[in-house]
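Each remark here refers to the structure printed beneath this line.
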Amino acid sequence: MATETIDVEDQLLPCSENDSKPGRKVTEAISYRHLNTSELTGTTPVREEEKVKIKSKDPTPELRTYNIKLGWVQGVLIPCLLNIWGVMLFLRIAWIVAQAGIALTIAIICLSGVVCVITTLSLSAICTNGELHGGGVYYIVSRSLGAELGASVGIMFAFANAVAASMNTIGFCESLNDLLKSHNMKIMDNDVNDIRIIGAIALFVMCLICAFGMDWETKTQNFLITIIVSAILNYILGVFIGPLNTQQDAKGFVGLKLAQAKKNLMPDFRYSENQEHNLFSIFAMYFPAVTGVQAGANICGDLKDPATAIPKGTLIALAISISSYLIMATLCGFAALRDASGHVEDLLAGNIDACKPNCPYGLHNNYGIMQLMALSSELIYAGCWAATLSTALTNLLSVPRLIQALGVDKIYPGLIFFSKRYGKHGEPYRGYVLTFLVSLLFLLIADLNTIAPLITNFYLASYALINFCTFHAAIVMSINWRPSFQYYNRWISLFGFLMCIVIMMIISWMMALLTVSIFLTLYLIVLYRKPDVSWGSSTEAQRYKEIISALVQMSYVTENCHLSYTERAMQQQVGEEWLHTRKERGFYVVVDGCSLEDGLRNLIQCSGLGRVSPNIMLIGYKNNWQKAPFNKVKTYVKLIQIAFDQQLAVAILRVPLTVPPRNATQVKHQNSQTSLQDEIHTQVLTIMNADSDIEIVIKVEEPDEDNAGESSPPPEEQQHITEQQRQRHGKSGVFRPLELNEENNLDSWWLYDDGGLNVLLSYIIAIRGFHAMPLRIFALARTCHRIEEAEAGMEALLHKFRVEFSCLKMIKGLYDPPQSETKEMFNMMIERFRTDVESDVLITNEELERLNQKTDRYLRLRELVIENSSNASLIVMSLPRPRPNTVSAALYMTWLEVLSNDLPPLLFVRGNDTSVLGV
């Protein structure tokens, strides 16, 4: 891989004058982490891919968000309500009550609500698993479950939304036709042809509104939501007032009566609209009414904070809309007859329903009965039009953006043409044309009852896949699966997936098979084309695990022969048996005929196949280094340097041979709450050290208001280390095993930004198991930041990275001089390794003088670790990097010894400067 080097110093960049001003935000720094090193000296490799990223700061088109950013109310709550309050609210809910009765209608609404709530919980988990950009449901699913499933679900959602726009436009036309008919007016036949003419015009106007941009669409939505809420209140008020004359009684509106509720309680399924209805046909008719839960996710690229807005807005919208449907359905059952002749004479004679099943009025026969029951029929007409047009509007708005995202990702070649952006907001005008044509095609059917069941299947299939996506990601446990939304459960998501599939099959097994066939076709097209994308999806994680499992199983297969044997073969067998008996998943490879250093190079360069290659080297700590020959110490440090040269991360595990006392002083600090968003590397580097060496340039000044947060407490308030703690570098006692459980803390000492591997490994170790361990994070801020400001920025970063922690503390007092006892311990350790001759193994006086300040920082760091982490079950600490020709092997090992001697089990970690904390 092509690389070049840029200069990097052992110290940190000094802060500029602007950075040191009080109140300056830590986000106001640099645009990319490698741009922070232009004035430094030293060497750090930069890959070609990273150079490309530096040059192209602008995001790809499908990920780009524009100037208009919406909050959770305007961007999620209102669109979801407008999408859910659709054609069924005023035109079909009364008919559904007539067919299914009050009891089953409530059951249908609740069952639909359960499906939508489970899907919303799953969708919220996916939405909070990183940053969201444009592309809606497609972007969410594809980045979590892979391009194949994401593209298939995206196309199905786009198709369902386009057809839903047709369905709601037909509902608007039906209501307008009824109004024209009541005034003896018509365009052609007051039937399907009028619906087609009016619907085509309405679709064209709505597409124009959407094409004008988010400003026009948002203003239109606010106007429509006001009308709908007024119409609902108008209907409820009219029902409670009751019929105003006998004509309303004769047409089936009798007012709130318990006796009427008993009559309408049970179902009365009838033949209607060329179909004999049952529970599931009615469910198929109703379900499109609650398919607006994805409205916020569809425009996630236009939201200020999608991860917060989508769960909050969608769940509140579901609660409001489902409650309104339950109230309106119940009021219909309590206040209206199923059949009525409309003649006052029949009402007085007591045979008002003698005309059934061919009565012109009543819940069964009059789709517009709500106009009769409301206080103002005109306002119900306005509410019906607002509900149908607003739902159509939100559907038409989401489809072109989804098509644009698919086209930019080049998943389906035929959609690339429609991804072109126009105007300053990047509007997908070509996508609007395609959406208009698809919606117009289904509008020509002009029959709402025919279209609704078709949409139900596509929405159920899409919801099933969203639930499966969440279940799959949670069960695979990819390291990228860290949703900040915690109110989901993998098994509930699986239940939601199975529920959607079962309902699809019961409603119509033929339509279900057709839907599945379409989905499989779309899936196989993407699978065949193999788009060149790598989004770290759960599908890729599962594929990686399966490959590893298969290779491990193959390595344990024994042949039916006797090994006659060399030492190499015996060592290979012993190693594999050791892994097998301990149930460890891994490979045991023996490399002979070369030195330890050359053997490591060979292993690094030859291990793995393609992407199934190791990226981290784990070694044990060399406990006997102080008594070992000098060349052994040099070789051990050289192994670490080789790993860094080969772009590997390095981890060193040390399990102590003594038990530290349990009465160490614990210093706790309150976490400040704030929010911070910016580029990943920029955010980390503006707070933390840029390099593996701790900053040593210190200006001795009187503390003032700007740097008071960095000074240590007065001497009388300092927590001194006890004599017992200071002298804990003696002989070891009983071996203490490494134990990880939820009763003890896991402490992460994150001293500098190496890509975030320190925090990620700590988080993975903490959450693996039946119960998560409390994770405490100790971070080292740059000296140019006040502690409170740095702590606030770091807390916001960790929340953005979806890393849960129980405590966050910014390290203070690191630049205080170490205790004399600690200095004595250090001098005892290096006594054997002193020399007057220049050496890359032994320690010279010149080296001690040159690295004196850095050594003091490590000695002081040891004291802070003893103060804060003596009771931890495991400490994960950033590993200093042993730079060649800068520090000798003996001095480097002394630093490690100082940081880990007589402490709880400690894992040194140093990443390879590749960011692993994805957002």
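Since this is a predicted model, take the numbers as computed values, not measurements.
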Is the F468 ring parallel, tilted or perpendicular to the F471 ring (thresholds 30°, 60°)?
tilted

Of the non-hydrogen atoms in I380 and A231, which two are nearest, and what is the gap between them?
CD1-O, 3.6 Å

Please determine, by modelled atom types, if W385 and S175 share a side-chain donor-acceptor pair under 3.5 angstrom.
yes

Counting only N and O atoms by type, is there a donor-acceptor contact under 3.5 Å from the side chain of S182 to the main-chain atoms of L179?
yes

Could you please spell out the steps behind the side-chain contact (heavy atoms from CB on, under 4.5 Å) verdict for D339 and Y361?
CA-CA 6 Å; D339 298 281; Y361 297 100; over 6 Å; no

Rounded to the nearest 0.5 Å, how far apart are SG of C332 and CG of N264?
9.5 Å

Quick check with a 6.0 Å cut-off and a 45 degree axis cone: is R92 positioned over the face of Y286's six-membered ring?
no

S493 and N467 side chains, donor-acceptor separation under 3.5 Å
no

Has the side chain of H343 got a donor or acceptor atom that lies under 3.5 Å from a matching backbone atom of A250?
no

Over 60° means perpendicular and under 30° means parallel, so classify the ring planes of Y459 and Y463, tilted if in between.
tilted

Has S508 got a side-chain atom pairing as donor or acceptor with M511's backbone, closer than 3.5 angstrom?
yes

May I ask you to test the I228-L82 pair for a side-chain heavy-atom distance under 4.5 Å?
yes

Can S321 and W85 be counted as having a side-chain donor-acceptor contact under 3.5 angstrom?
no

Under 3.5 Å, is there a donor on one side chain and an acceptor on the other for Q371 and D178?
no

Sole candidate of L233, T226, I232 that passes side-chain contact (heavy atoms from CB on, under 4.5 Å) when paired with V229:
L233

Would you say the side-chain atoms of N351 pair up with the backbone N or O of A354, donor to acceptor, closer than 3.5 Å?
no

D353 vs L337 side-chain heavy atoms within contact, under 4.5 Å:
no

